[in-house]
Amino acid sequence: MRFVFHIFILINITSFGQFNPNFNTLVWSDEANGSGSIDTSKWFHQTLLPNGSSWFNGEQQHYTDRLANSYQSNGFLTIVARKENFTDQGVTKNYTSARLNSKFAFTYGRVEVMAKLPEGNGTWPAIWTLGKNITENGGFWSTNYGTTSWPACGEIDIMEHWGHNPNYIQSALHNTFSFGNTINHGGIMAASVANNFHLYAMEWSADEIKFSVDSVVFYVYNPQPKNIANWPYDQDQYLLLNIAMGSSWFSIDPFFNSSKMEIDYVRIYQEPITGINQNIDKLSIFPNPFRENINFIFNSKYSFHTGKLISILGKNIANFDSIKALKDYSWSSLKAGHYFLNLENPNSSKTYKIIKL
């Protein structure tokens, strides 16, 4: 969707504090270690024109699922924007590119993307998120989860760059309080983004959203008081990677031929699983926090003999005598809040914090 505000303002970066050290458990990643096609277990090619004839913002590209526009090679995930006449869905465009939706959605955490950006007037690369509940034709999540239109679903622009303004990186938020020419944005200059890899990151908690380049925080979004208009960011979002070409407010260099965005890795971190004793086999819980469904994965068949779900006030909510009982419990029926899951065997015990949104 990505409507933008294009009066560029640099933000004082000295007053935003440090990162949350609790976001240190890796829950999803793409290290781009394969070759050929992108990893379709992790990514979905979004190619359907959302209104039947074009993309938003006056963009001039077709998104395709061809190797010519996206692939893995030599440890990089690469998206390529090309100048070429290409007909799809009965519409001919003069440029092609790729738009990837992650098949993983999450609430709260830290996103890190190590990337080198395309260059040339008219290029518009982005690393961003949308609410999983968005109603958008052709999106990966829309068919089963689409209930809310843009911008009410919420959008988080982790990184946007425009080829006509080299090395300026912008981050922004779009919601029903402010969208399009949004007031919720910040920017920073980075060194030679088309020739050097930089770490583009977003840290999202229940209180605020921080944006950084190479670990330098340059913008923090923390509206007060929070409400449904300015803070739809309490539900799952999914990640998007793409290069758009052109828009209704900037043109493409007529001599542009092709350029690419190379991504070394994409990593999403959330709060760690807290524990008392390591003798209980490691348990992965995700997403955590969760809204509807939650997953439990043990690293072996043997895990625990008894388990209890306890409220933050110490009330016993449920008992478990097997992994099946744990997984079959009606987690979606829990009220929003913080809970503790205690698992025990004859030799040890371990406690995990679980958050229901």
Side-chain angles (χ1 to χ4, degrees), residues 1-9 11 46 50-51 54-59 63 99-102 105-111 113 124-142 145-162 165 168-188 200-213 217-250 268:
M1 199 75 63
R2 289 194 302 112
F3 292 85
V4 300
F5 181 81
H6 53 274
I7 297 175
F8 303 121
I9 301 174
I11 304 297
Q46 189 175 357
N51 65 6
S54 65
W55 288 91
F56 308 103
N57 310 306
E59 298 167 17
Y63 291 124
R99 173 174 167 136
L100 308 183
N101 298 188
S102 70
F106 65 103
T107 302
Y108 308 144
R110 177 176 169 84
V111 177
V113 181
W124 184 3
I127 302 165
W128 52 304
T129 72
L130 283 170
K132 187 176 76 171
N133 59 352
I134 189 172
T135 52
E136 180 179 78
N137 289 337
F140 176 72
W141 298 94
S142 297
Y145 295 93
T147 60
T148 308
S149 61
W150 187 92
C153 65
E155 175 179 333
I156 305 172
D157 296 332
I158 301 170
M159 184 289 301
E160 292 185 281
H161 177 264
W162 297 273
N165 190 20
Y168 179 82
I169 301 300
Q170 179 170 292
S171 299
L173 289 300
H174 298 276
N175 46 59
T176 53
F177 173 74
S178 177
F179 58 94
N181 289 345
T182 180
I183 60 174
N184 304 319
H185 69 98
I188 189 172
Y200 303 100
M202 176 268 286
E203 189 174 274
W204 169 27
S205 72
D207 300 315
E208 63 185 12
I209 304 175
K210 292 182 179 181
F211 301 91
S212 65
V213 175
V217 178
F218 62 90
Y219 179 57
V220 176
Y221 180 66
N222 183 9
Q224 298 294 334
K226 291 179 173 60
N227 54 52
I228 193 171
N230 64 28
W231 192 262
Y233 310 109
D234 58 357
Q235 301 185 52
D236 281 356
Q237 298 251 326
Y238 65 96
L239 190 65
L240 297 97
L241 308 173
N242 71 292
I243 305 174
M245 289 298 299
S247 81
S248 56
W249 57 274
F250 64 84
I268 299 175

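Every value quoted in this text rests on a predicted model; they were computed, and no experiment measured them. Just so it is clear, the values below take in all heavy atoms, side chains as well, and ignore hydrogens, waters and symmetry mates.
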Student: Measure the spacing between OH of Tyr108 and CD of Gln237 and express it to the nearest 0.5 Å.
Tutor: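 If I round to the nearest 0.5 Å, the distance is 11.0 Å.
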Student: Between Trp204 and Val111, is there a side-chain heavy-atom distance shorter than 4.5 Å?
Tutor: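 Val111 vs Trp204: side chains apart.
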Student: Could you give the distance from CD1 (Ile127) to CG (Leu100), rounded to the nearest 0.5 Å?
Tutor: 11.5 Å
Student: Give, for atom CD of Glu155 and atom OH of Tyr233, the distance between the pair rounded to the nearest 0.5 Å.
Tutor: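 These two atoms lie 7.5 Å from each other.
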Student: Check Ala152 against Pro232 and note the closest heavy-atom contact, atom names and distance.
Tutor: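 Reported closest heavy-atom pair: O-CB, 3.5 Å.
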Student: With rounding to the nearest 0.5 angstrom, report the NZ to CH2 distance, Lys132 to Trp141.
Tutor: 5.0 Å
Student: Side-chain contact, heavy-atom cut-off 4.5 Å: Tyr200 with Ser171?
Tutor: no
Student: Does a side chain donor of either Asn57 or Trp249 reach within less than 3.5 Å of an acceptor in the other side chain?
Tutor: no
Student: Can you name the closest pair of heavy atoms from Gly246 and Phe250 and give their distance?
Tutor: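 Between these two residues, the closest heavy atoms are CA-CE1, 3.6 Å.
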Student: For the atom pair CZ (Phe211) and CD (Gln170), what is the distance rounded to the nearest 0.5 Å?
Tutor: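 The CD atom of Gln170 is 10.0 Å from CZ of Phe211, to the nearest 0.5 Å.
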Student: I would like to know whether Gln46 and Leu240 meet side-chain contact (heavy atoms from CB on, under 4.5 Å); could you show each step before the answer?
Tutor: CA-CA 10 Å; Gln46 189 175 357; Leu240 297 97; 4.1 Å; yes
Student: Can you tell me which residue among Thr182, Asn184, Asp157 is in a side-chain hydrogen bond (donor to acceptor under 3.5 Å, both in side chains) with His174?
Tutor: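 So the option named by the test is Asp157.
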Student: Tyr221 versus Trp231: any side-chain heavy-atom pair under 4.5 Å?
Tutor: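 Heavy-atom side-chain distance check passes, below 4.5 Å.
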Student: Relative to the ring of Trp124, is the ring of Trp162 parallel (under 30°), tilted (30 to 60°) or perpendicular (over 60°)?
Tutor: tilted
Student: Taking the side chain as everything from C-beta on, heavy atoms only, tell me whether Phe56 gets closer than 4.5 Å to Glu136.
Tutor: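 Yes, at least one pair of side-chain atoms sits under 4.5 Å.
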Student: Would you say Thr148 and Asn133 are linked by a side-chain donor-acceptor pair, where the criterion is simply a distance under 3.5 Å?
Tutor: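 Short answer, yes.
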Student: Would you say the side chain of Ser149 lies within less than 4.5 Å of the side chain of Thr135, judging by non-hydrogen atoms?
Tutor: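 Side-chain contact under 4.5 Å: yes.
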Student: Any idea which heavy atoms bring Tyr168 and Gly186 closest together, and the distance?
Tutor: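 Distance-wise, the nearest heavy atoms are OH-C, 4.2 Å.
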Student: Within a strict 4.5 Å, meaning less than it, do heavy atoms of the Leu239 and Ile158 side chains meet?
Tutor: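 A side-chain contact exists here, since the closest heavy-atom pair is under 4.5 Å.
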Student: Determine whether Ile134 and Tyr238 make a side-chain contact, defined as any pair of heavy atoms from C-beta on separated by less than 4.5 Å.
Tutor: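 Of all side-chain heavy-atom pairs linking Tyr238 with Ile134, at least one is under 4.5 Å.
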Student: Any donor-acceptor pair under 3.5 Å linking the side chain of Asn230 with the backbone of Pro225?
Tutor: yes
Student: What pair of heavy atoms forms the shortest contact from Ile183 to Ser178, and how long is it?
Tutor: N-OG, 3.0 Å
Student: Using a 3.5 Å distance criterion without hydrogens, assess whether the side chain of Lys210 forms a donor-acceptor pair with backbone atoms of Ser205.
Tutor: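 Flag not set: sc Lys210 to bb Ser205 has no pair under 3.5 Å.
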Student: How long is the span from the CZ atom in Arg99 to the CD atom in Glu59, to the nearest 0.5 Å?
Tutor: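 If I round to the nearest 0.5 Å, the distance is 7.5 Å.
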